[in-house]
Structures are given as structure tokens and as C-alpha cells.
Amino acid sequence: VDEVDTYRNMIHCLKEGPDGTIWVGTVKGLGKYDKVKDSFHWITREDGPAGYSVMNLEFDEEAMWIGTGNGLCRYDGKSFKIYNIENGLAANGMTATRYLKTNNTLYIGTELGINTIKDGKVGSVTMPELANTAVFSINKYQDSLLLIGTAGTGVVIFDPVKNRRKLVTTRDGLASDFIYFVAADDKDYLWIGTEKGINRVKLDGNFDVVENLHFGYENGLTGVETNQ
């Protein structure tokens, strides 16, 4: 608990770096936890990041990516490089970030679909289903695939190498197509948080739904809008 600046107690994300360092993204800056001193070193917008509020964090082999409400920045431990709408991003609000090692590409969820960064160059993922649609969640699936949670289109299972996709929506049994998060567990069940509860889904080899369990008021949730 930060008793000096209480805004830092409002946490958006928590991430362990490749070296074991714990990083915390808050409403007012990025905190690096010092285990020895049991304290945080704070990095704020004045130090170089694109914005005050840190929404998400991701790592590649060489640097950390910091998604803020005012752009994205790459931090190599010494300097910051900022990406925003001025150099190619669809929007400045970073709603999700995920690095895929199989193609050395960072995938960025925004209010207006998905951007990519590879070798420092900004690109985009073109899907009719994602046109002008917010993407709240991007997670890895089966090493080379991505699970994409959207604000109205449901879940997209995306193969970036083959450029193929499969949608999972309310037609397949989801409680809602407004998806806050989607991630797979170690048994390949998909956990999907929506505005109307949580679905636990099992897919077959063709990514068709073969198992679907819904968690809502009727089986224990005290609130159904599930955003974490």
C-alpha cells in the first residue's frame, strides 16, 4: 500500500519479468518491486513512458512493452521508444498486448482493432469482424495461436502464420459476445469472461465447441460482469 500517493494503489496489471522482477502497472505510473528493500521504484510519464496510467505489460527477448492510456512504449532498461497514432497505431488507448515468439511479433489490442509491431515497424491485423471493434484481451493458445476477446464479436481464435481464424460466439453457447478476457488453462479449457458471466469452453481439433459450462448468479457468482 502506498500511503503517500494513493493513486498507485489502483492497479491495472501485474507482471513478472524474465529475470523474476515484479512489475506493477497502476493509474499513476509503473512500479518495479525491490525484494530486498520491500519497496517500489516508480517510473512515471516524466521519466519517458507515453502516459501516466499503465494498462498492460508484456516482454519480448530484449525489452518490456508498456501499454498506457496514451500510447505504447518499448523500454530496454535505459530508454523509451513511444508508439501512438502519429506513427501508425489505430488508437492511443492500449487495451491488450501480447508477444508471440513464433513470429517475433507484438500484438496490440486497441479500441479500433489490432495493431502489430515487428522489427520496429507498425502493422495491423485485418479482419472484417474486428473493424472498429475494441479488443480487450489477447492471449497465447497452443504455442502459435492467439485468443482474442472482443467487444461485441465474441472470441476469435487466430492463426497469424496461416492467417486463419475461427469465431466462437453466442451461437456456440457463449453468455455474451462482449468479451473482457479469454485465456486457456493447462488442460486447454478456455475461460471466457463476459458481461453476463463466465464460460468454460472445451474445443475439438476443428475449434468447435464440445463442452460449455456457464458460471453466473445461478451457480455462485455474486456479480456477472467479469472483467478480470
What distance separates Asn206 CG from Asp204 CG, expressed to the nearest 0.5 Å?
5.0 Å
Hey, could you give me the CD/CZ distance between Glu111 and Phe136, rounded to the nearest 0.5 Å?
8.5 Å
Set out, in order, the CA-CA distance, both residues' side-chain angles and the distance that settles side-chain contact (heavy atoms from CB on, under 4.5 Å) for Val122 and Asn115, then state yes or no.
CA-CA 7 Å; Val122 177; Asn115 280 117; 4.0 Å; yes
Kindly determine whether Leu203 and Asp188 satisfy side-chain contact (heavy atoms from CB on, under 4.5 Å), including the steps that lead there.
CA-CA 8 Å; Leu203 306 176; Asp188 271 350; over 6 Å; no
Leu100-Met127 co-clustered via ILVMFWY side chain contacts under 4.5 Å
yes
Tell me if the NZ atom of Lys140 is crowded by more than 12 foreign heavy atoms within 6.0 Å.
yes
So Ile108 and Met94, side-chain contact (heavy atoms from CB on, under 4.5 Å) or not? Walk me through it.
CA-CA 7 Å; Ile108 307 148; Met94 304 293 100; 3.4 Å; yes
Salt-bridge criterion met for Glu211 and Arg200 (N-O under 4.0 Å):
yes
Could you check whether Thr97 and Asn56, counting side-chain N and O atoms only, form a donor-acceptor pair closer than 3.5 Å?
yes
Would you give the length of the straight line joining atom CD of Glu86 to atom CG of Leu89, rounded to the nearest 0.5 angstrom?
10.5 Å
What pair of heavy atoms forms the shortest contact from Met64 to Leu30, and how long is it?
CE-CD2, 3.7 Å
Between atom OH of Tyr75 and atom NZ of Lys78, what is the distance when rounded to the nearest 0.5 Å?
10.5 Å
Tell me whether Ile179 shares a hydrophobic cluster with Tyr141, the cluster being built from Ile, Leu, Val, Met, Phe, Trp, Tyr side chains joined at under 4.5 Å.
yes
Regarding Tyr52 and Asn70, is there a side-chain donor-to-acceptor distance under 3.5 Å anywhere?
no
Are Trp42 and Ile22 joined in one hydrophobic group, where the rule is that I, L, V, M, F, W and Y side chains link up if heavy atoms are under 4.5 Å apart?
yes
Do Ile117 and Phe80 sit in one hydrophobic cluster, given that two such residues count as connected whenever their side-chain heavy atoms are within less than 4.5 Å of each other, even indirectly?
no
Can you check whether Asp177's main-chain N or O pairs, donor with acceptor, with Thr169's side chain at less than 3.5 Å?
no
Nearest-0.5 Å distance, OG1 of residue Thr150 to CD1 of residue Ile114
9.5 Å
Please determine if Asp143 and Lys101 form a salt bridge, counting it only when a charged side-chain N lies under 4.0 Å from a carboxylate O.
no
Count the heavy atoms belonging to other residues, nucleotides or ligands that lie under 6.0 Å from CD of Glu62, then report whether that count exceeds 12.
no
Centre of Tyr33's six-membered ring, under 6.0 Å away, within 45 degrees of the axis: is that where NZ or CZ of Lys35 sits?
no
Joint hydrophobic cluster, Ile138 plus Leu57, side-chain heavy atoms closer than 4.5 Å:
no
Check the pair Ser53 / His12 against side chain to side chain donor-acceptor pair (under 3.5 Å), numbers first and verdict last.
CA-CA 8 Å; Ser53 188; His12 286 306; 3.1 Å; yes
Indicate the ring-plane relationship of Tyr107 and Phe158, choosing parallel, tilted or perpendicular according to the 30° and 60° boundaries.
perpendicular
To the closest 0.5 Å, what do you measure between CD1 (Ile43) and CD1 (Ile66)?
6.0 Å
Lys32 atom NZ, neighbour heavy-atom count above 12 within 6.0 Å:
no
Where do Lys187 and Lys202 come nearest, in terms of heavy atoms and distance?
O-NZ, 2.6 Å
Please report the shortest heavy-atom distance between Thr44 and Pro49, naming the atom on each side.
O-CD, 3.0 Å
Have a look at Val168 and tell me which of Asn199, Leu190, Val209 forms a side chain to side chain contact (heavy atoms under 4.5 Å, CB included) with it.
Val209
Would you check if there is a donor-acceptor pair between the side chains of Thr21 and Asp19 at a distance under 3.5 Å?
yes
Between Leu72 and Ala50, the two heavy atoms sitting closest are N-CB, 4.2 Å
Donor-acceptor pair, side chain of Thr95 and main chain of Val135, under 3.5 angstrom
yes
Within 45° cone of Phe207 ring axis and under 6.0 Å: Lys166 NZ or CZ:
no
Work out which heavy atom in Tyr99 is nearest to a heavy atom in Glu61; give both atom names and the distance.
OH-OE1, 2.6 Å
Taking Asn219 for its side chain and His214 for its backbone only, find out whether a donor-acceptor pair lies under 3.5 Å.
yes
So, Thr153 versus Glu129: side-chain donor-acceptor pair below 3.5 Å or not?
no
